[in-house]
Amino acid sequence: MSSPPDSQRLHRERLELLRHLDRLTDAPMTVLGFVWLALLVVDLTRGLTPGLQRLSDLIWILFILDFLLSFTVAPDKWAYLRSNWLTLVSLFLPALRVLRVFPALRAVRVLRATRSLNLVRLLTSLNRGFRAAGRAVRRRGVGYVALLTLLVALAGAAGMFAFEDVPAARESGLTGYVSWLWWTAMILVTMGSDYFPKTGEGRFLTWLLALYGFAVFGYITASVASFFVGRDQTAAEGGDDEVTNAALQRELSALRREIAGLRSELERGEGRG
């Protein structure tokens, strides 16, 4: 049988090298993904200190290097870009902050200050956080869904806090990140809230939160219910076992008494003989 063409062999070798690189960078990229999302929450709610800003820039550079290395090794460049286009967008957005140092690009400062840009940053960072969660939790179960829900709640609350900084929200008592976290939790558990967002970005993010809550909350509820039902069944089975063991003990005691009685009669019979 003839050997495969060189192009097919090279394609397989590149795929194997790409998988090997993914395994090598799996743990550090997972940690950096969570840190990146945490920095975004801090940036949206309180702003980054110079030290945290430098940390954010360093992580961004590491993300770029990881993406370029994987893109270089990938055998099909266009397929790789199509499957990682959100990652590419998330890598481009921080460049707007860096480019504003040039006088000809002062308008970038206005662009970065818009809520729409922050919304895109939030969604792309959540996508990276989801990937980090997928690497951290290999088994796709209730633990994985709970971790995703926690990320959505924390990041979603930060986004609503940044987008809905309007008088109507403050009059409704939504004046800080903690209050917006409570509001986001109510949306995720499909209970809703009296406050309706006023900005376009806030409304769009609310729709995404409600959609996620509708899709996931039923799964979490069913998992919790099945857990308690399983415990009740185990307890019931354990109770049945206790009843069965008690019945066996009573039968054994009765059998021992009968054997003891037969033995006594035999001994008396032998004594008469």
Side-chain angles (χ1 to χ4, degrees), residues 33-48 52 56 59-60 63 84-97 108-134 144-221:
F34 288 130
V35 175
W36 178 264
L37 188 59
L39 289 174
L40 175 66
V41 171
V42 175
D43 190 18
L44 292 176
T45 56
R46 297 162 52 180
L48 296 178
L52 291 179
S56 177
I59 294 175
W60 173 53
F63 283 158
N84 295 276
W85 66 272
L86 267 178
T87 301
L88 184 61
V89 172
S90 69
L91 294 176
F92 172 75
L93 290 176
L96 300 178
R97 181 186 64 249
V108 175
R109 180 179 301 178
V110 178
L111 177 62
R112 181 176 178 268
T114 61
R115 289 187 297 263
S116 299
L117 180 59
N118 283 334
L119 177 62
V120 178
R121 290 177 59 209
L122 178 65
L123 296 180
T124 54
S125 298
L126 262 179
N127 175 68
R128 185 176 291 278
F130 282 1
R131 291 192 174 191
Y144 172 71
V145 175
L147 179 58
L148 292 187
T149 304
L150 178 63
L151 296 180
V152 169
L154 295 175
M160 295 303 298
F161 176 79
F163 303 148
E164 293 294 315
D165 187 17
V166 295
R170 291 190 290 271
E171 291 173 0
S172 300
L174 300 171
T175 56
Y177 177 68
V178 175
S179 59
W180 277 111
L181 185 60
W182 173 87
W183 184 91
T184 304
M186 293 301 100
I187 296 296
L188 290 177
V189 299
T190 68
M191 293 183 63
S193 174
D194 293 336
Y195 177 76
F196 186 79
K198 308 303 178 185
T199 65
E201 293 79 11
R203 291 176 181 177
F204 183 71
L205 180 57
T206 300
W207 177 75
L208 292 179
L209 292 172
L211 185 64
Y212 178 88
F214 178 78
V216 173
F217 185 67
Y219 171 78
I220 295 178
T221 304

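If you're wondering where the values come from, they're calculated on a predicted model, not measured in any experiment. The chain is numbered in sequence order, starting from 1.
- Nearest heavy atom pair, residue Leu209 against residue Gly156, reads CD2-CA, 4.3 Å.
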Ignoring hydrogens and angles, write down the donor-acceptor pairs under 3.5 Å from the side chains of residues 179-186, residues two or more places apart or on other chains.
unit_1: Ser179; atom_1: OG; unit_2: Thr175; atom_2: N; d: 3.2
unit_1: Ser179; atom_1: OG; unit_2: Gly176; atom_2: N; d: 3.1
unit_1: Ser179; atom_1: OG; unit_2: Gly176; atom_2: O; d: 2.7
unit_1: Trp183; atom_1: NE1; unit_2: Ser193; atom_2: OG; d: 3.1
unit_1: Thr184; atom_1: OG1; unit_2: Trp180; atom_2: O; d: 2.8

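- Rounding to the nearest 0.5 angstrom, the gap separating the CG atom in Leu123 from the CG atom in Leu86 is 8.0 Å.
- Of all heavy-atom pairs spanning Leu151 and Gly129, the tightest one is CD1-O, 3.6 Å.
- For Thr199, the side chain to side chain donor-acceptor pair (under 3.5 Å) partners two or more places apart in sequence, or in a different chain, are Glu164.
- Val152 approaches Leu188 most closely through the heavy-atom pair CG1-CD2, 4.0 Å.
- In terms of the ring-ring contact (aromatic ring centres under 6.0 Å, His included) criterion, Tyr212 has no residue partners (sequence neighbours excluded).
- How far CG of Leu154 is from CG of Leu40: 11.5 Å, rounded to the nearest 0.5 Å.
- A pairwise comparison of heavy atoms in Ser90 and Arg128 identifies OG-NH2, 3.6 Å as the closest pair.
- Considering all non-hydrogen atoms of both residues, Ile187 and Ala210 come closest at CG2-N, 3.7 Å.
- Note that OH of Tyr144 is 10.5 Å distant from OG1 of Thr149, once rounded to the nearest 0.5 Å.
- Rounded to the nearest 0.5 angstrom, Leu39 CG and Leu44 CG are separated by 11.0 Å.
- Remark: Phe63 engages Trp36 in a ring-ring contact (aromatic ring centres under 6.0 Å, His included) (not counting sequence neighbours).
- Arg203 contributes a side-chain N or O that, together with a main-chain N or O of Pro197, makes up a donor-acceptor pair within less than 3.5 Å.
- Remark: the backbone N or O of Leu122 is not paired with any side-chain donor or acceptor of Ser125 at under 3.5 angstrom.
- Applying the salt bridge (Lys or Arg N to Asp or Glu O under 4.0 Å) criterion to Arg170, with sequence neighbours excluded, gives Asp165.
- Partners of Val42 according to the side-chain contact (heavy atoms from CB on, under 4.5 Å) rule, which considers only residues two or more places apart in sequence or in another chain, are Leu48, Leu52.
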